[in-house]
Amino acid sequence: MTTRHFPDGFAFGAATSAYQIEGACDEDGRGRTAWDLRNHDEQGHPTGPVGDVACDHYHRYQEDIALMKQLGLQTYRFSISWVRIFPDGVGRLNAKGVAFYDALVDGLLQAGIRPAVTVWHGDLPLALDRAGGWENRATITAYLAYAQFLFDHYGDRVKTWYTHNEPWCAAYLNDYPLPRQLSIAHHLLVAHAEAVRLYRQSKNGDGKIGIVLNLARQYPASADPADVAAARNVDGFLNRWFLDPVLKGRYPADMVERYQGFGAAAPILAGDMEALMANPSDFLGINVYSRGVQKADPDNAFLGSKDAPDPRSVYTEMGWEVAPESLYDLLMDLEATYGTEIQITENGAAFQDAVMQDGVVRDDDRLAYYKGHLSSVERAIRHGCKVTAYYAWSLFDNFEWGTYEMKFGIVHVDPVTLKRTVKKSGMYYRGVIAARGIEE
Ligand code: BGC
């Protein structure tokens, strides 16, 4: 066995997001998001899984910081709930919400854990949502005022910022027609660029700022040129449509043409692409869970592809293929094409597990997932890729946007008592962090 060490300065962390863990939805002046209405009847009572309580992190954050310290986390990525700061999205500031994140940030720093903050992770204020959400350019203005407040207020202590989490998901996980989806995607990208500009101009702008994209390396199912083209199209749709504007200041020409063929175009106004070009990020955050394998499919008019699952592979509860090699390939591709610093802002797996009678959660499948992916990261670094941080998704079993059945935690959370139990994968990760390396 060899121990493969991660370089000095490489940071190990874990990630969460506000609505998925905080709970306390009705407390201390928090406003409403669209998520607060889902699975609730008119009286506001839950009719299905909701985030009203979630992991109750809002009340247990001190205990949770102690747990992170026990795990040896060097950094913690979390998102701020916009409606705790500005309950209506714009205007009135909520001092109690501001104080909560002050306490969280200060507690983390006292524990020696660097806070890394996502400005927006999927929980748009209801007032903005009702006014058209990210399809409405007014949301960009509101977002920038919110981001400016965060930079000014927390930026003395928070030195890593993520503008948005996963614009692809925000734009495409709905049944809107393509032009509407492109409009959401474009406005998110413009908001990102303008937030980078604001950050650099702010009094605390000496840290680092970037965006978080969900990426999956695409492979053709065979060497057949039709399969190769199918994989390239999906890559364009999922990955390059976001990577190119953020890192090159332009949309990929092949996809612009493809969208045009379907009557869709990004609603670009004068100055938008210039803003993207003029405000490069300090790093690229990537959320990586799996890969895609594509086969040509003439019935799919838009991308000409269909998924070709590999029957020999292991799949997680989400139906996502476990493909650690693909993370290595993706990192090497990103290095070759964009050459930028990368943070792996999410990586992890949903598998069923349970606390056994002896109090142990033996999540060997999740442990193997982490081992395989950390090994790919280390190898990519050794081969020249500039990866500076890795965040496990997720610190806790949490509200997986509609269900509690998909368990991503390295820490188990009892659904009734909310008791936290570090899983075997969490213990493994603690060992990796302590040794700053993995055994191979
Ligand atoms: C999101 C998380 C989510 C995770 C697992 C990412 O898409 O950022 O909020 O829980 O993946 O689905």
Side-chain angles (χ1 to χ4, degrees), residues 13-23 33-36 38-39 49-51 54-55 57 75-82 116-124 134 160-174 184-185 188 192 210-217 237-239 241-242 284-292 315-323 326-327 330 342-353 363 365-366 369-370 373 389-413 415 423 425:
T16 63
S17 89
Y19 188 68
Q20 295 183 270
I21 65 161
E22 285 181 359
T33 76
W35 284 102
D36 297 302
R38 292 195 199 193
N39 284 343
V50 292
C55 302
H57 171 73
T75 172
Y76 171 52
R77 171 177 176 244
F78 62 97
S79 75
I80 289 183
S81 161
W82 187 336
V117 171
T118 313
V119 176
W120 182 66
H121 194 127
D123 47 356
L124 203 60
W134 286 108
T160 302
W161 292 91
Y162 311 104
T163 53
H164 303 304
N165 186 69
E166 303 192 344
W168 184 90
C169 291
Y172 293 98
L173 295 183
N174 52 50
I184 297 172
L188 280 161
H192 157 75
I211 193 169
V212 171
L213 302 180
N214 51 301
L215 303 182
R217 172 68 147 78
F237 173 63
L238 179 72
N239 303 326
W241 191 257
F242 294 88
L284 172 71
I286 62 172
N287 293 353
V288 182
Y289 289 92
S290 189
R291 67 167 181 166
Y315 289 82
T316 71
E317 287 288 311
M318 298 290 281
W320 298 344
E321 184 184 359
V322 178
S326 72
L327 177 55
L330 175 69
I342 292 174
Q343 296 191 15
I344 297 171
T345 36
E346 290 180 26
N347 177 236
F351 288 111
Q352 289 296 343
D353 56 36
D363 58 337
D365 32 21
R366 187 176 292 100
Y369 182 98
Y370 278 116
H373 286 79
Y390 174 92
Y391 293 85
W393 182 274
S394 181
L395 181 59
F396 299 121
D397 290 343
N398 60 39
F399 182 63
E400 176 56 28
W401 305 114
T403 178
Y404 284 94
E405 296 306 312
M406 296 295 150
K407 297 178 189 307
F408 277 93
I410 55 172
V411 175
H412 179 274
V413 178
K423 300 179 188 178
S425 59

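Just the heavy atoms: all of them, side chains too, but no hydrogens, waters or symmetry mates, feed the values below. Each ligand, and each atom within it, is numbered from 1 in the order the structure gives. In this text the structure is predicted, and so the values were computed from the model without any measurement.
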Can you tell me the protein heavy atom closest to atom 4 (C) of ligand 1 and the distance? Tyr289 OH, 3.4 Å
Is Met406 near ligand 1, meaning one of its heavy atoms is under 4.0 Å from it? no
In terms of relative ring orientation, are Tyr289 and Trp320 parallel, tilted or perpendicular, with 30° and 60° separating the classes? tilted
Any N/O pair Asn165/ligand 1 closer than 3.5 Å: yes
List ligand 1 atoms under 4.0 Å from Asn287, heavy atoms only on the residue side. 8 (O)
Asp365: what forms a side-chain hydrogen bond (donor to acceptor under 3.5 Å, both in side chains) with it, not counting sequence neighbours? none
For the residue pair Trp161 and Val119, establish whether any side-chain heavy-atom pair is separated by less than 4.5 Å. yes
Return the minimal non-hydrogen interatomic distance between Ser81 and Glu22, and the atom names on each side. CB-OE1, 3.9 Å
Considering only heavy atoms of His121, which atoms of ligand 1 have at least one such atom less than 4.0 Å away? 1 (C), 2 (C), 8 (O), 9 (O)
Considering non-hydrogen atoms of the protein only, which is the closest contact for atom 1 (C) of ligand 1, and what is the distance? Glu346 OE1, 3.4 Å
For the residue pair His164 and Trp134, does the interplanar ring angle fall in the parallel (under 30°), tilted (30 to 60°) or perpendicular (over 60°) class? perpendicular
Pick one of side chain, backbone, both or neither for how Asn398 approaches ligand 1, counting any non-hydrogen atom pair under 4.0 Å. neither
Check each heavy atom of Gln20 against ligand 1 and say whether those closer than 4.0 Å belong to the side chain, the backbone, both or neither. side chain
Will you find, in the side chains of Thr403 and Glu400, an N or O donor that is under 3.5 Å from an N or O acceptor? no
What is the closest protein heavy atom to atom 7 (O) of ligand 1, and at what distance does it sit? Glu166 OE1, 2.6 Å
Just need the protein heavy atom nearest to atom 12 (O) of ligand 1, so name the residue and atom and give the distance. Glu400 OE2, 2.6 Å
Please confirm whether Ser17 comes within less than 3.5 Å of ligand 1 when only nitrogen or oxygen atoms on both sides are compared. no
Backbone, side chain, both or neither: what part of Trp320 comes under 4.0 angstrom of ligand 1, heavy atoms only? side chain
Is any NZ, NE, NH1 or NH2 atom of the basic residue among Glu346 and Arg77 found under 4.0 Å from an Asp or Glu carboxylate oxygen of the other? yes
Do Asn287 and Tyr391 get their side chains close enough for a donor-acceptor pair, meaning under 3.5 Å? no
